[in-house]
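Quick notes on the structure that follows.
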Amino acid sequence: MIGLVVGGAILSGIGTASAQKASDASGLWLTETGGSKVRISRCGNGYCGVLASVSGPGLDAKNPDPSLRTRSLVGVEIMNARNASGDSFEGSLYNPNDGKTYSGSLTIKGPNLVEVSGCVMSVFCKSQTWKRAN
């Protein structure tokens, strides 16, 4: 995928709260490979995502700003999808593996699944499905 992969991987409702979670992506999500967790919360009219845990050294070593290359990736915002667009939320995604920011989207697929897509020039896109962490 374009981005969202950190150290070989990249990013809880009970009872009646589960029904509400179907339309709310807020919470802790396990990335597709399971190597990282992303905390998604509401921001603007959509969602933002911050790395909550990562595998590997966990440094932002590929950041284009040399002064940020030794910072921890935990706490770094990698998703900013503030704009509602149909059934998804549009914005940008930061890929710590190459230090680049891509246009991207978040689509809620169910109470425990979201799809995150990143694109280059709005043509070459890749997606990951993240599962809600328990």
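Position 1 is the first residue of the sequence, and the numbers go up from there. Values in this document were obtained by computation on a predicted structure and should not be read as measured data.
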Residues Asp60, Arg71: salt bridge by 4.0 Å N-O rule: yes
Examine the side chains of Ser85 and Asn83 and answer whether a donor and an acceptor come within less than 3.5 Å of each other. no
Nearest 0.5 angstrom please: [X] [atom1] to [Y] [atom2], how far?
X: Cys119; Y: Glu90; atom1: SG; atom2: CD; answer: 8.5 Å
X: Lys37; Y: Leu30; atom1: NZ; atom2: CG; answer: 6.5 Å
X: Asp98; Y: Lys62; atom1: CG; atom2: NZ; answer: 8.0 Å
X: Phe89; Y: Cys43; atom1: CZ; atom2: SG; answer: 10.0 Å
X: Tyr102; Y: Met121; atom1: OH; atom2: CE; answer: 12.0 Å
X: Ser92; Y: Glu77; atom1: OG; atom2: CD; answer: 7.0 Å

Please report the closest heavy-atom contact between [X] and [Y], naming both atoms and the distance.
X: Ser26; Y: Ser41; value: OG-CA, 4.1 Å
X: Leu51; Y: Pro96; value: CD1-CG, 4.4 Å
X: Thr107; Y: Asp87; value: CG2-O, 3.7 Å
X: Ala25; Y: Ile108; value: N-CD1, 3.8 Å
X: Leu106; Y: Ala81; value: CB-CB, 4.4 Å
X: Thr101; Y: Tyr94; value: OG1-CD1, 3.7 Å

Begin with the C-alpha distance, continue with both residues' side-chain angles, and end with the deciding distance and a verdict on side chain to side chain contact (heavy atoms under 4.5 Å, CB included) for Arg82 and Asn45. CA-CA 5 Å; Arg82 294 176 180 256; Asn45 291 325; 6.0 Å; no
Do the side chain of Arg132 and the main chain of Pro111 share a donor and acceptor less than 3.5 angstrom apart? yes
With a 3.5 Å distance limit and no angle check, can you tell me whether Arg69 reaches the backbone of Asn63 through a side-chain donor-acceptor pair? yes
Is Val76 reachable from Leu68 through a run of I, L, V, M, F, W or Y residues, each pair having side-chain heavy atoms under 4.5 Å apart? no
Axial cation check for Tyr47 ring with Arg42, 6.0 Å and 45° limits: yes
Non-hydrogen side-chain atoms of Lys131 and Leu113 separated by less than 4.5 Å: yes
Intermediate values then yes/no, side chain to side chain contact (heavy atoms under 4.5 Å, CB included), Val50 and Ile78: CA-CA 6 Å; Val50 174; Ile78 61 164; over 6 Å; no
